[in-house]
Amino acid sequence: MNGGSLALVLTGVFLNAVAQLCLKAGSAAIAGVDLQLSNAVGILLRLAQNGPVLAGLACYAVSVVVWILALSRVDVSIAYPMLSLGYIVNALGAWWLFDENVTLVRVAGMLVIGVGTWLVAQT
């Protein structure tokens, strides 16, 4: 995989991870809301006016375009496993932004993911 293709794949992975973190930040707007069909419109309106949620959806939209560009240049059997790097980005982002606990076992899992992704990329 050349540098430009790798950059596209990693950009797609990063945008997808940022989207998840934005959605998590925006989820506070509906925390504690009783999830019933009768509340659906109110919940949707809250989310439609929520900056982090809108930013997350925008990141998803851009990531889809970037991902399609990446898939036009890289075998899906190589590109798709790279998405697992998003777990690492999300875990570290959640630790940094939301003070989520990143245990030694999670760090070990991230190392395994990193090594596995590197091995796939070597082919």
Side-chain angles (χ1 to χ4, degrees):
M1 180 173 1
N2 66 37
S5 298
L6 179 62
L8 279 172
V9 169
L10 293 179
T11 299
V13 168
F14 182 76
L15 283 167
N16 196 297
V18 169
Q20 285 293 322
L21 294 168
C22 287
L23 294 178
K24 172 64 176 172
S27 70
I30 61 167
V33 171
D34 193 17
L35 299 177
Q36 295 181 6
L37 189 56
S38 61
N39 294 345
V41 172
I43 291 169
L44 288 174
L45 287 174
R46 275 188 185 181
L47 294 176
Q49 298 171 357
N50 185 296
V53 168
L54 295 175
L57 293 174
C59 283
Y60 269 137
V62 174
S63 78
V64 167
V65 173
V66 170
W67 194 249
I68 291 169
L69 290 170
L71 290 176
S72 74
R73 292 162 174 79
V74 178
D75 292 346
V76 72
S77 61
I78 293 174
Y80 190 72
M82 297 284 210
L83 287 175
S84 62
L85 294 173
Y87 173 77
I88 298 170
V89 175
N90 272 315
L92 295 175
W95 167 74
W96 182 54
L97 296 169
F98 308 121
D99 201 32
E100 290 188 10
N101 193 19
V102 178
T103 64
L104 188 58
V105 172
R106 288 184 188 178
V107 171
M110 287 186 262
L111 290 172
V112 169
I113 289 168
V115 169
T117 304
W118 178 79
L119 287 171
V120 169
Q122 298 308 303
T123 63

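All of these numbers come straight from a predicted model, not from anything done at the bench.
Minimum heavy-atom separation, N2 to G4: OD1-N, 3.1 Å. Of all heavy-atom pairs spanning L23 and G56, the tightest one is CD2-CA, 4.4 Å. What you find for S5 and V74 is that their closest heavy atoms are CB-CG2, 3.4 Å. Listed here is the closest heavy atom pair of C22 and A55: SG-CB, 4.1 Å. For the residue pair L10 and L85, the shortest heavy atom distance occurs at CD2-CD1, 3.8 Å. Heavy-atom minimum distance, L71 versus A79: CD2-CB, 3.9 Å.
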task = Determine, stepwise, if the pair K24 / N90 fulfils side-chain contact (heavy atoms from CB on, under 4.5 Å).
result = CA-CA 10 Å; K24 172 64 176 172; N90 272 315; over 6 Å; no
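Residues Y87 and Q20 fail the side-chain proximity criterion, which asks for heavy atoms closer than 4.5 Å.
Separating the CD atom in Q122 from the CD1 atom in I78 is a distance of 10.0 Å, to the nearest 0.5 Å. Here N50 contributes atom CG and L45 contributes atom CG; the two are 12.0 Å apart, rounded to the nearest 0.5 Å.
Atom CG of D99 has 12 or fewer heavy atoms from other residues, nucleotides or ligands within 6.0 Å. Residue Y60 qualifies as enclosed at atom OH: its count of foreign heavy atoms under 6.0 Å is above 12.
Evaluated for a side-chain contact (heavy atoms from CB on, under 4.5 Å) with W67, the options V9, L15, L8, T11 yield exactly one hit, V9. Considering T117, L83, V18, V66 as possible partners of V13, the one that fulfils the side-chain contact (heavy atoms from CB on, under 4.5 Å) test is L83.
The hydrophobic clustering, which links ILVMFWY residues whose side-chain heavy atoms are closer than 4.5 Å, places V76 and M82 together. Placement of L47 and L57 within a single hydrophobic cluster is found when ILVMFWY residues are connected by side-chain heavy-atom separations under 4.5 Å, directly or transitively. L6 and I113 fall within a single hydrophobic cluster, where Ile, Leu, Val, Met, Phe, Trp and Tyr are joined by side-chain heavy atoms under 4.5 Å apart, directly or via other members. Transitive grouping of hydrophobic side chains (ILVMFWY, heavy atoms separated by less than 4.5 Å) keeps F14 and V65 in distinct clusters. Note on V107 and W95: same hydrophobic cluster, where clusters join Ile, Leu, Val, Met, Phe, Trp and Tyr whose side-chain heavy atoms are under 4.5 Å apart, directly or indirectly.
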